[in-house]
Amino acid sequence: MALTSFVGRRREVAEIRRTLGSARLLTLTGMGGVGKTRLALEVAANSTRAFADGVWVVDLAPVRDPSAVAIRAATALGVPDLGARPVLDQLAAHLAGRRALIVLDNCEHLVKACSELAQTLLSAAGGLRILATSRETLGITGEHVLTVQPLSPDEALELLRDRSNAVEPRFRITDANRAAVTRLCAGLEGLPLAIELAAARLRTLTVEEAVVRLENRFALLSGGSRTALPRQRTLRALVDWSYELCSAPEQRLWNRLSVFTGGFALDAAESVCAGSGIARHEVLDLLDRLVAQSVVLTGGGEDEPRYRLLETIRQYGRQQLARSGEEHTVLRRHRDFYLALAERTAGDWCGPGQEKALARLRAEHANVLTALDCAGDPQATLALAAALRYHWCAGGFLGEGRRRLDRALAAAPEPTVVRARALWVAAWVAQLQGDLAASGRWLEEAAHLGEELGDPVVCAYVQSFRGTLALFRGQLTQAVSLLEGAVDAHTALGEGAGVVFALFELSFVLAHLADPRAAVTGRRALAAAEAHDDRWGRAHALSALGHDAYLRGDLEAAVAMTRTALEIEEGFTDYVGAMLMLEHFAWMTASLGDAAQAVRVLGAADALRRDIGITLAAFPQVALGHARFEEATVAVLGQAGYRRAFAQGGAVDGPARAIAFALRAPEPVAPAVATNPLTSREREVAARVAQGATNRQIASALGRSPRTVEGHIENILAKLGFGSRTQIATWWAQNQVPTP
């Protein structure tokens with residue numbers, strides 16, 4: 001979200017919006033600082049009505065690894081990176097059938113990866129438009145290009161006035177200073193970033209003084225010939241000039257802040273940037289001075305203010321940091337800060353503020369990845385990957401966690417306590433992804449290493465996750481034995497989180513065995529969770545109790561406890577936990593007589609399962625219950641009614657929305673259309689869309705090209721007045737359209 005008013009560019013905004021009406025890909029090119037990003041953001045803000053399924057901005061400036069481009073895009077769109085499928089495939093599947101706009105911002109250092117991303121997504125989603133900003137075109141078929149020019153003299157003057165008034169309300173353009181203002185804008189060559197930086201200086205300099213300083217600096221850089229000055233060098237010169245006007249401590253802080261990606265909070269700046277010339281208590285004052293000079297921008301809420309540097313400013317500071325010889329030291333401090341934050345979150349998990357702690361890690365995700373990339377200490381990287389376990393498993397980043405743990409374990413093979421801890425964390429992540437074979441391998445090594453090192457905490461967690469592995473494999477008697485031992489081991493160690501986890505898992509197993517100890521164990525889990533203020537554990541304990549009550553026939557208690565569990569779970573991003581709770585809640589709802597709503601809830605649970613990329617076979621006991629539920633509800637609703645209700649629930653994205661959908665019984669996502677305006681071929685395509693087929697799969701089945709299928713889908717969307725494939729699927733199920 002832009003923090004300042006938008007000045008000028010009305011013609012460009014109109015042209016871009018008009019072009020996006022027909023072009024699938026439009027790239028804004030131009031030199032650094034010319035305002036490509038700000039222009040794209042303005043277009044995005046004005047386009048929400050035109051794109052019913054969403055407008056998203058993907059900032060690629062902090063990304064250095066081409067393989068991370070798709071991950072960055074998925075994170076920006078809120079697409080969970082949970083399964084074993086490539087992230088790009090997950091993203092393409094998510095966008096298929098949607099009418100949406102994606103802004104790919106700052107592509108120039110990742111042109112090939114951005115080209116591949118755009119090509120794949122545009123091929124998969126006929127209703128998608130992409131607006132890219134880059135100093136270099138993406139170079140793919142169908143790309144339209146608009147070169148963003150510097151501001152006109154009038155627009156430059158208007159921008160200078162606007163930004164100067166923001167920092168110095170008394171600033172006016174008068175007859176006395178108009179000539180100097182005009183010279184200043186001309187010297188800045190209409191570059192918006194240059195004008196904004198210069199405007200920040202007008203709180204302390206007169207316009208005439210700014211002109212003198214700026215012109216002297218340019219003359220030095222260009223060898224005295226201002227007419228030969230390249231535009232890019234003009235921007236560099238201005239940043240040089242702004243940097244030189246900072247005091248030595250301000251410059252030092254600027255340099256050190258450049259290690260942050262995606263913004264930062266005050267405590268991070270104080271920890272990472274203090275030392276060697278900057279006392280910790282001085283950081284806030286220096287930071288405030290950089291904010292006043294527009295070097296640092298502010299954002300976030302009042303309770304959690306955050307700061308960030310424009311990418312040009314950050315890169316400049318990083319170059320200065322490298323020249324200073326401090327880069328390695330500051331990067332190490334950066335990694336150590338996020339290691340401490342992650343370890344504090346894991347160590348204090350049992351206690352108040354779990355949702356807030358996960359929200360902080362989510363806000364710091366880009367910095368967390370930067371810290372994991374810090375070279376020089378593989379053991380520290382491994383420790384960080386392990387300490388982020390709740391971020392990975394309860395915060396919605398299973399896919400990223402799996403990759404980072406695999407990579408860190410491969411880079412640090414030494415038999416250390418850190419490795420032993422990371423092994424059981426990796427096993428947990430693999431279990432949640434349904435990869436039981438990998439989980440078993442990690443647990444076997446962790447068990448051996450834990451015994452060899454004499455680490456009872458590792459051994460206790462290994463026993464817990466061996467118990468859950470046995471549960472997932474359907475080995476219930478073995479699971480009981482392992483989890484009972486894990487409860488005893490965690491209790492002896494005072495590991496509150498481990499006790500709660502082992503108890504609620506044990507309660508689930510006992511319930512499946514119809515063992516009367518299930519309720520007692522579930523109440524123990526609930527008491528332990530409440531004693532330790534473990535809200536996440538409390539949700540799972542209530543879910544276990546609710547499931548046991550359901551299996552015993554106590555529907556009133558089952559619904560009440562599961563509903564409470566879901567209300568708590570709504571504050572997390574726990575895909576697997578939410579999926580299982582919703583599955584059980586669907587069964588309960590059906591038993592109470594509301595088959596249609598039960599199937600809607602099941603559809604929402606299935607959407608989460610598909611996001612994770614696993615099958616119900618990963619949960620054999622759940623799969624059995626699911627099959628019985630499906631048979632019973634189809635008998636009540638009929639195949640058409642079942643598909644209609646299922647599609648309504650499946651249109652919901654993410655755990656929080658899925659839970660809200662289940663608890664609040666919303667209206668159907670897409671309205672029914674009374675008439676059928678489609679041709680026979682379009683009806684056939686709509687039917688296959690309702691079955692979940694991709695364009696390529698439909699093309700193969702019908703013997704047509706993907707482009708032809710894409711055209712059919714666009715016609716269907718236009719005729720029905722819809723904006724997404726999901727609405728097509730719901731409409732088809734509601735109307736039971738016969739196919740040839």
Side-chain angles (χ1 to χ4, degrees), residues 37 56-92 102-121 130 132-136 138-140 258-264 308-309 311-312 314-315 317-319 321-322 327-328 330-332 334-335 338-339 342 361-378 380-382 384-385 388 391-392 396-412 426 429:
T37 293
W56 294 281
V57 177
V58 182
D59 181 12
L60 296 169
V63 180
R64 290 293 170 268
D65 182 357
S67 67
V69 168
I71 299 168
R72 181 77 172 183
T75 301
L77 270 66
V79 177
D81 177 15
L82 302 167
R85 290 185 302 160
V87 175
L88 185 54
D89 291 350
Q90 297 178 53
L91 191 57
I102 295 177
V103 176
L104 292 180
D105 191 27
N106 295 300
C107 300
E108 53 270 350
H109 59 302
L110 299 160
V111 169
K112 183 178 180 181
C114 290
S115 299
E116 293 172 354
L117 175 72
Q119 185 77 60
T120 301
L121 297 186
I130 293 179
T133 73
S134 177
R135 297 178 196 177
E136 179 181 346
L138 301 190
I140 62 177
S258 68
V259 300
F260 290 104
T261 50
F264 55 91
R308 68 182 180 90
L309 281 71
E311 184 59 18
T312 299
R314 193 186 73 82
Q315 289 181 6
R318 192 61 177 270
Q319 293 170 0
L321 184 67
E327 186 174 30
H328 179 70
V330 179
L331 283 171
R332 189 175 64 249
H334 178 276
R335 181 205 60 212
Y338 288 102
L339 174 57
L361 286 176
R362 193 173 300 115
E364 300 286 5
H365 186 66
N367 279 310
V368 163
L369 299 186
T370 296
L372 285 165
D373 288 333
C374 182
D377 190 345
T381 300
L382 190 59
L384 176 56
L388 288 165
H391 181 57
W392 306 139
F397 291 96
L398 282 175
E400 187 71 62
R402 178 69 182 273
R403 286 188 294 274
R404 293 293 179 162
L405 283 160
D406 285 353
R407 188 183 306 172
L409 284 165
V429 172

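Values below: every heavy atom of this structure, side chains too, minus hydrogens, waters and symmetry copies.
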When you measure from the side chain of [X] to the backbone of [Y], do you find a donor-acceptor pair of N or O atoms at a distance under 3.5 Å?
X      : Y      : result
His391 : Gly401 : no
Thr133 : Asn106 : yes
His328 : Ala375 : no
Thr261 : Ala366 : yes

Could you grab the distance from atom [atom1] of [X] to atom [atom2] of [Y], nearest 0.5 Å is fine?
X      : Y      : atom1 : atom2 : answer
Ser67  : Leu88  : OG    : CG    : 12.0 Å
Asp373 : Thr381 : CG    : OG1   : 8.5 Å
Ile71  : Leu91  : CD1   : CG    : 11.0 Å
Leu384 : Tyr338 : CG    : OH    : 11.0 Å
Thr75  : Leu369 : OG1   : CG    : 8.0 Å

Side chains of [X] and [Y] in contact at under 4.5 Å (non-hydrogen atoms):
X      : Y      : value
Leu77  : Val58  : yes
Asp59  : Arg72  : yes
Leu138 : Ile130 : no
Glu116 : Val69  : no
Arg403 : Val87  : yes
Leu372 : Arg407 : no
Trp392 : Leu361 : no
Arg404 : Leu388 : no

Between [X] and [Y], what is the shortest heavy-atom contact and its length?
X      : Y      : result
Gly263 : Asn367 : O-ND2, 2.7 Å
Pro66  : Arg64  : CD-O, 3.4 Å
Ser115 : Ile140 : CB-CG2, 3.7 Å
Val111 : Ser134 : CG2-OG, 4.3 Å
Cys107 : Ala132 : SG-CB, 4.2 Å
Glu327 : Ala322 : OE1-CB, 3.6 Å

Check: Picking from Arg335, Arg332, His334, what satisfies side chain to side chain contact (heavy atoms under 4.5 Å, CB included) with Val259?
Finding: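 Looking at Arg335, Arg332, His334, the match for Val259 under the side chain to side chain contact (heavy atoms under 4.5 Å, CB included) is His334.
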Checklist line | Those residues that, when tested against Arg362, pass salt bridge (charged side-chain N to carboxylate O under 4.0 Å, His left out) (two or more places apart) | finding: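 Salt bridge (charged side-chain N to carboxylate O under 4.0 Å, His left out) list for Arg362, sorted by chain: empty.
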Note to self: Angle between ring planes, His365 versus Phe397, binned at 30° and 60°: parallel, tilted or perpendicular?
What the structure shows: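 Parallel.
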